[in-house]
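Naming convention: chains lettered A, B, ... in sequence-line order (proteins, then strands); numbering from 1 in each chain. Quick caveat: nothing in here was measured; it's all calculated off a predicted structure.
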There are 2 protein chains.
Amino acid sequence: MRDQTMPTKLLDAAEYRMRRGGYNAVSYRDLAADTNIKSSSVHYHFPRKEDLGVALIERYTKDFFEVLDKAAKDATTPLEKLQAFNRTYRNALTHSKAVCLCGLLAAEAAGLPEAVNAKVEAFFDGNIRWVEGILPAELPEDEKTRRAIVIVSAHQGAIIVATSMRDANLFDSATTYLEAQIGVT
Amino acid sequence: MRDQTMPTKLLDAAEYRMRRGGYNAVSYRDLAADTNIKSSSVHYHFPRKEDLGVALIERYTKDFFEVLDKAAKDATTPLEKLQAFNRTYRNALTHSKAVCLCGLLAAEAAGLPEAVNAKVEAFFDGNIRWVEGILPAELPEDEKTRRAIVIVSAHQGAIIVATSMRDANLFDSATTYLEAQIGVT
DNA sequence: GTCTATAATTTGATAGAC
DNA sequence: GTCTATCAAATTATAGAC
């Protein structure tokens, strides 16, 4: 694995902090300390905090859908595809031991720059459309939309509840039940 | 309606701000301005911010379960009781146009005082146990727990997704589907 | 209970040298 | 690209008068 560029190191540090404490839990001085440069140098890469936030969500969203598409690559049935979606969220919880960046920022929306909120909305819009696309073709469009929203909402809620109760098994309890319903027409 | 005491006014202002921007979006100076006193006077009522946070979650939790029990008072079937639970969350979204205080603080947990996190956990624990209590008696305990977690998670997620997408109907789309499953044994 | 005054720290951000 | 130096504003919090 070759050396990371400074912007990448900064985004890594920012993602770690922001997914645990939220937007305001990330400061330029913390990021500078994390990457062994000075805070003024952080401003060179991301002039305003809003720029950092937007870049972070863009990378997070891109990575999310790459992992998701890879996980769903060999899946053929709606159930297998839903399991790939589930694993992608579960991996975020297991490996990062943190909530979804966009779930957290969505909750904090009122205090955030509009450019940041727009990127968060796009993440959810993409999530819902992806899930709509894997549901059984015979379902009517509005029913697909409804179920996609349930599935995305339940995954977002499950990752928050599991994190709060410090028990990752709660995530599986919540999402396994969803799987049992996916095939039902 | 008689005059509110200053602690109540402060908690009202704090709840409004915290449910929109999170824990760090609430400052003593903002609360002082909201209630027409000085920030040092706010410290008289809540010496440390942690005290304010704990008091706010305690009140929020008490109010939540009072509204919930009242809404479920005349409900007899599991479905009717679930609908009361659903209405309680939906009211929070409709009237406050904000996410659940505890859902937001759970997501920000890593940056918050331990006393605050403990109160947030207790809110979720109470939520899950309440829903377990309304599920059909013939279900095995572990299945009741599983379904309670799905229901609480889905409501938390739905309020966040609906807020982010600025469409309260998404909340109904997500939760109506849950209702259709409640009676299934 | 509320005020004035103030302390100590942190924050996002900029100017200009190397 | 990174540094030193600095800034203005905001933050939590305290001391002491009324």
Using the salt bridge (Lys or Arg N to Asp or Glu O under 4.0 Å) rule, collect all pairs that involve residues 81-93 of chain B, keeping only residues at least two apart or in two chains. B:Arg90-B:Asp172
Could I get the full list of salt bridge (charged side-chain N to carboxylate O under 4.0 Å, His left out) partners for B:Lys62, not counting sequence neighbours? B:Glu66
All N/O pairs under 3.5 Å across the protein-nucleotides 11-13 of chain D interface:
| residue | atom | partner | partner atom | Å |
| --- | --- | --- | --- | --- |
| D:dT12 | OP1 | B:Val26 | O | 3.2 |
| D:dT12 | OP1 | B:Lys49 | NZ | 3.0 |
| D:dT12 | OP2 | B:Tyr28 | N | 3.1 |
| D:dT12 | O4 | B:Arg29 | NH1 | 3.3 |
| D:dA13 | OP2 | B:Lys49 | N | 2.8 |
| D:dA13 | N7 | B:His43 | NE2 | 3.2 |

Applying side chain to side chain contact (heavy atoms under 4.5 Å, CB included) to B:Asn117 and not counting sequence neighbours gives A:Arg166, B:Ala109, B:Leu112, B:Glu114
With sequence neighbours left out, what residues match B:Arg48 under side chain to side chain donor-acceptor pair (under 3.5 Å)? B:Asp51
For B:Thr88, all residues meeting side chain to side chain contact (heavy atoms under 4.5 Å, CB included), sequence neighbours excluded: B:Phe64, B:Val67, B:Leu68, B:Ala71
Tell me the salt bridge (Lys or Arg N to Asp or Glu O under 4.0 Å) pairs involving residues 5-15 of chain A, sequence neighbours left out? A:Asp12-A:Arg59, A:Glu15-A:Arg19, A:Glu15-A:Arg59
Which residues share a salt bridge (charged side-chain N to carboxylate O under 4.0 Å, His left out) with A:Glu80, sequence neighbours left out: none
Residue pair B:Glu132, B:Arg129: steps toward the salt bridge (charged side-chain N to carboxylate O under 4.0 Å, His left out) verdict: CA-CA 5 Å; B:Glu132 280 176 347; B:Arg129 284 191 286 104; over 6 Å; no
Could you state the atom-to-atom distance from OH of A:Tyr44 to P of C:dA17 in whole Å? 18 Å
In whole Å, what is the span from the CZ atom of A:Arg17 to the C1' atom of C:dT11? 14 Å
Of residues 6-13 of chain A, the positions that come close to DNA chain D - non-hydrogen atoms, cut-off under 4.0 Å: A:Met6
